[in-house]
Amino acid sequence: CLTVSPSSSQLFRGEFFSLSCEEDDSSAGWTLRRNSTRETRTQCGAGWGRSAGSSCNISYVLPLDSGVYWCESREGATSNTISITVTDGSVILQSPVLPVMEGHDVTLHCKPKTPPSNRPAAFYKDGSLISTEPTGHMTIHHVSKSDEGLYKCHISRHGESPPSWISVTAPPPASAPLQLVFRLVCHLVVFCPYCISTVLMVSLYRRRPTG
């Protein structure tokens, strides 16, 4: 799994960010790669970033660092991808870099380059105004697939952020142990009444008077 810190899909020119390949198999030899407007499949340390094991640090980002990043093993396996946008503009939209799970809440922050960072902001989805927030933060509660789309924001007298795509993913299926427990409970619910009725019938038969 590829993670990024800070966890934002948009950055201002000159900010720092770090990417990490988080895998249980440390022997896989994961390498950070990216596709940018100028390069394809270049790895960290080859003209961009500073490699530190399975991590990559970029101390001063530029708009040309905008692109798609991912981890790749020696065997060619790839991780999830992360899209990063670096802007020279005055406003960014801080949104999740990874897909949001259905049912969870997600908070978007319309951040100006100059403080204070909690200015009133308008939020847009797929080009339509969806909310105006007094402190520049908008929370979407219990997200669903219909919340997936292209978001941006605008701060008066500061400007508009670049757009960012927010993905929504279904929750993972129940784990195997939970499925086994559920099946066991179902079998007990079906089987127990049969056992109880059988025991009662045998008990009544034994207590029936003879002769």
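All heavy atoms count here, side chains included; hydrogens, waters and symmetry mates do not. If you read the sequence from its start, that first residue is 1, and numbering goes on from there.
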Sub-3.5 Å donor-acceptor pair from the side chain of [X] to the main-chain atoms of [Y], do we have one?
| X | Y | result |
| --- | --- | --- |
| His109 | Ser117 | yes |
| Thr87 | Gly89 | yes |
| Gln10 | Ile92 | no |
| Arg33 | Thr42 | no |
| Ser66 | Val86 | yes |
| Asn35 | Val68 | no |
| Trp30 | Ser55 | no |
| Asn80 | Leu2 | yes |

**OP:** Before giving the answer on side-chain contact (heavy atoms from CB on, under 4.5 Å), spell out for Ile166 and Val143 the whole-Å C-alpha distance, their side-chain angles and the decisive distance to 0.1 Å.
**Re:** CA-CA 11 Å; Ile166 294 180; Val143 297; over 6 Å; no

So, [X] and [Y]: side-chain donor and acceptor under 3.5 Å apart, yes or no?
| X | Y | answer |
| --- | --- | --- |
| Thr3 | Ser20 | no |
| Ser9 | Ser95 | yes |
| Thr107 | Thr139 | yes |
| Glu133 | Ser131 | yes |
| Thr169 | Glu102 | no |

Original post:
Lys125: what forms a salt bridge (charged side-chain N to carboxylate O under 4.0 Å, His left out) with it, not counting sequence neighbours?
Top reply: none

Original post:
By side chain to side chain donor-acceptor pair (under 3.5 Å), which residues pair with Arg13, not counting sequence neighbours?
Top reply: Asp88

Original post:
Is NZ or CZ of Arg34 both nearer than 6.0 Å to the six-membered ring centre of Trp70 and within 45° of the ring axis?
Top reply: no

**OP:** May I ask you to decide if the ring planes of Phe17 and Tyr69 are parallel, tilted or perpendicular, using 30° and 60° as cut-offs?
**Re:** perpendicular

Original post:
What do you reckon, Cys21 and Cys1 SGs under 2.5 Å?
Top reply: no

Original post:
Excluding sequence neighbours, so at least two apart, what forms ring pair (Phe, Tyr, Trp, His ring centres under 6.0 Å) with His104?
Top reply: none

